[in-house]
Amino acid sequence: MEGLLPDLDVIRKDFPILERTLAGGVPLVYLDSANTSQKPQVVIDSMVDQLERHNANIARAMHQLGAESTEAYEGARDKVAAFVNASSRNEVVFTKNATEALNLLARTIELGPGDNVVITEMEHHSNIVSWQLACERAGAELRWFGLTDDGHLDLSNADQLVDEHTKVVAFTWVSNMLGTINPVADLAARAKAVGAYSVVDASQAAPQLPVDVQAVGCDFLVFTGHKVCGPTGIGVLWGREELLNELPPFHGGGEMIETVTMARSTYAKAPHRFEAGTPPIVEAIGLGCAVDYLGHIGLDAIHAHEQTITAYALDGLQSVPGVTVLGPLDAAQRGGAISFELAGVHPHDIAQVLDSRGIAVRAGHHCAKPAHARFGVQSSTRMSSYLYTTPAEIDALVEGLHQTRSYFKVA
Amino acid sequence: MSTDLDALYQEIILDHYKNPHHKGLRDPFESEVHHVNPTCGDEVTLRVHLADGPRGPVVQDVSYDSVGCSISQASASVLTDLVIGKPVDEAMTIHQTFLELMQGKGQVEPDEDVLEDGIAFAGVAKFPARVKCALLSWMAWKDATAQAQSDSATTGGDTA
């Protein structure tokens, strides 16, 4: 099949979990990578090595282990900076996850009465609720781009939504529910034109697209480590250096200060300004290794693989009677997460039957209730592929859906 | 198809799912609650109508509107079959028995005399992710009944 990663068999061997069997001896068919990706051995090894041989706190230990640990942690920052093409390593802030990165921005960007924040109807709850809270605190107005029937952003009223009172335009690069790839550079330019900050949620984009923050022209971009083959507990906030240094601190504590007296403190510059306390050192090192791994394979090649699998899956899913795919039907316009409905069977029940066959998918609202509501859907089933996904696994899913229909007697 | 799957999806459950009993919201009622399962989005709106009986309040009607999976829908249907017409005390005992079955991790032997069709849910207890589905309407009913009773206590027991 044209477009698949050439060494797919070799890549699959990098991921030990893919060899697992599940109850009943069935092999794992992992189609839940938009939820969390699996981890290659090299990432696991990097974390074990850190714990076995180099463990010490960073930046505050005056001994050899401390120096090694600090070097590994800061080395991970360099790798992430390269991964997103940051102009400076100081622009990469490690957070707990993408949610914390978004909350950091929503807590530190100053809003007031009369200001507005513009988001979209296809956001993950983390990019909705954090801004709802910020607007409620400040007496600011929350606005959003609606969606077209085919799952794209409705930009027809963009000039009314983004106006001179807009402080922040926050949007996802790739929808976790609809799969839609948004015109992020255009949206960032629109924010810039009115003097607003642009905030890109790249949680679903970073795993499968080349991310170049300078090409996008945005002010801030966030993503989470565990969806890019890294561990949980580590996320990234990238921000333009001068903007990060203008923002007030988020959490107070060790490592984020310049000097402290009992009366007041002054604060370190980014990135340490936003990394109070002992950070997730091992997780950061694992993430650095993960983005190196992806970079070695090449994000362009991974993107081509995802698009090939997605096109194959869109065809396969639509060959099942009663299946309705949500979001764009053209693989070129979307990422590798495909949400769908199967007439007469609830997503939980679909996921349960698939699970009995070793096929892991997600069922529910995928933390995107408003996007589901927009399409009159209470919940959906979502398959999501990644660089290790094979066409045979898509075949297994399609066969499993036929089986589901017959099990629930809708065939 | 695995036997575990068949244990989960007993015919009784699929029957109740296809043809739910007592579904739809009805008057009169003393309390109405709306419960959701935040992890999956399943929702139920449930009303309780109590009436005075010879030995205390009786569950006169339970009506509901719901969206969700086969387990949550069938469970609501079975709930209404089991509690409508029973004294509240007895219905609460049935509730407790069903709760213990669901929380028993598949180790509790279901009592058919008490739970009737509810014994079909014994297999659900082996699937931790689905226990909440089975309990959604039951928790809503308990909540609504408690509210109806506390309201009736403050208004002098008039449950008409």
Side-chain angles (χ1 to χ4, degrees), chain A residues 21-27 32 35 124-125 129 177 326 339 341-382 399-411, chain B residues 1-20 23 34-45 64-78 102 105-106 120-137 140:
Chain A
T21 54
L22 297 163
V26 295
D32 199 19
N35 202 348
H124 185 279
H125 292 166
V129 182
M177 177 219 168
L326 301 160
S339 301
E341 294 181 283
L342 176 59
V345 192
H346 189 276
H348 274 178
D349 297 320
I350 297 170
Q352 195 85 56
V353 175
L354 294 177
D355 183 54
S356 75
R357 302 167 71 86
I359 304 165
V361 296
R362 183 161 174 183
H365 51 61
H366 324 314
C367 297
K369 282 192 95 165
H372 278 84
R374 162 63 181 79
F375 293 97
V377 178
Q378 189 240 353
S379 63
S380 63
T381 307
R382 184 183 73 183
E399 173 58 30
L401 290 174
H402 282 295
Q403 193 68 44
T404 304
R405 294 186 76 238
S406 100
Y407 194 79
F408 284 95
K409 302 185 175 66
V410 293
Chain B
M1 193 55 61
S2 93
T3 48
D4 266 5
L5 201 63
D6 292 336
L8 176 65
Y9 293 118
Q10 302 256 326
E11 281 300 323
I12 297 171
I13 291 180
L14 296 179
D15 287 347
H16 276 276
Y17 175 48
K18 297 266 179 199
N19 300 295
K23 191 163 178 172
H34 181 73
H35 279 215
V36 300
N37 181 344
T39 53
C40 65
D42 282 5
E43 299 186 31
V44 62
T45 303
Y64 63 99
D65 190 21
S66 58
V67 281
C69 64
S70 59
I71 303 294
S72 72
Q73 301 304 292
S75 176
S77 174
V78 168
M102 285 300 97
K105 299 187 165 72
F121 290 84
V124 177
K126 290 182 200 149
F127 293 83
R130 305 306 293 276
V131 168
K132 271 191 190 170
C133 307
L135 287 177
L136 180 66
S137 58

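Lettering of chains follows the sequences in order, A, B, ..., and the numbering in each one begins at 1.
- Contact record, Lys18(B) with Lys409(A): NZ-O, 4.3 Å, taken as the closest heavy-atom pair.
- Of the possible polar contacts, one joining the Tyr407(A) side chain to the Leu5(B) backbone as a donor-acceptor pair under 3.5 Å is found.
- Within the 4.5 Å cutoff, side-chain heavy atoms of Leu8(B) are placed close to those of Gln352(A).
- Interatomic distance, SG of Cys69(B) versus CD1 of Ile350(A), reported as 11.0 Å (0.5 Å rounding).
- Proximity to chain A (any heavy atom under 4.5 Å) is shown, for Asp42(B), by both the backbone and the side chain.
- The shortest heavy-atom contact between Gly344(A) and Tyr17(B) is O-OH, 3.7 Å.
- Listed here is the closest heavy atom pair of Lys369(A) and Glu43(B): NZ-OE2, 4.0 Å.
- Taking NE2 from His348(A) and NZ from Lys132(B), the interatomic distance works out to 10.5 Å, rounded to the nearest 0.5 Å.
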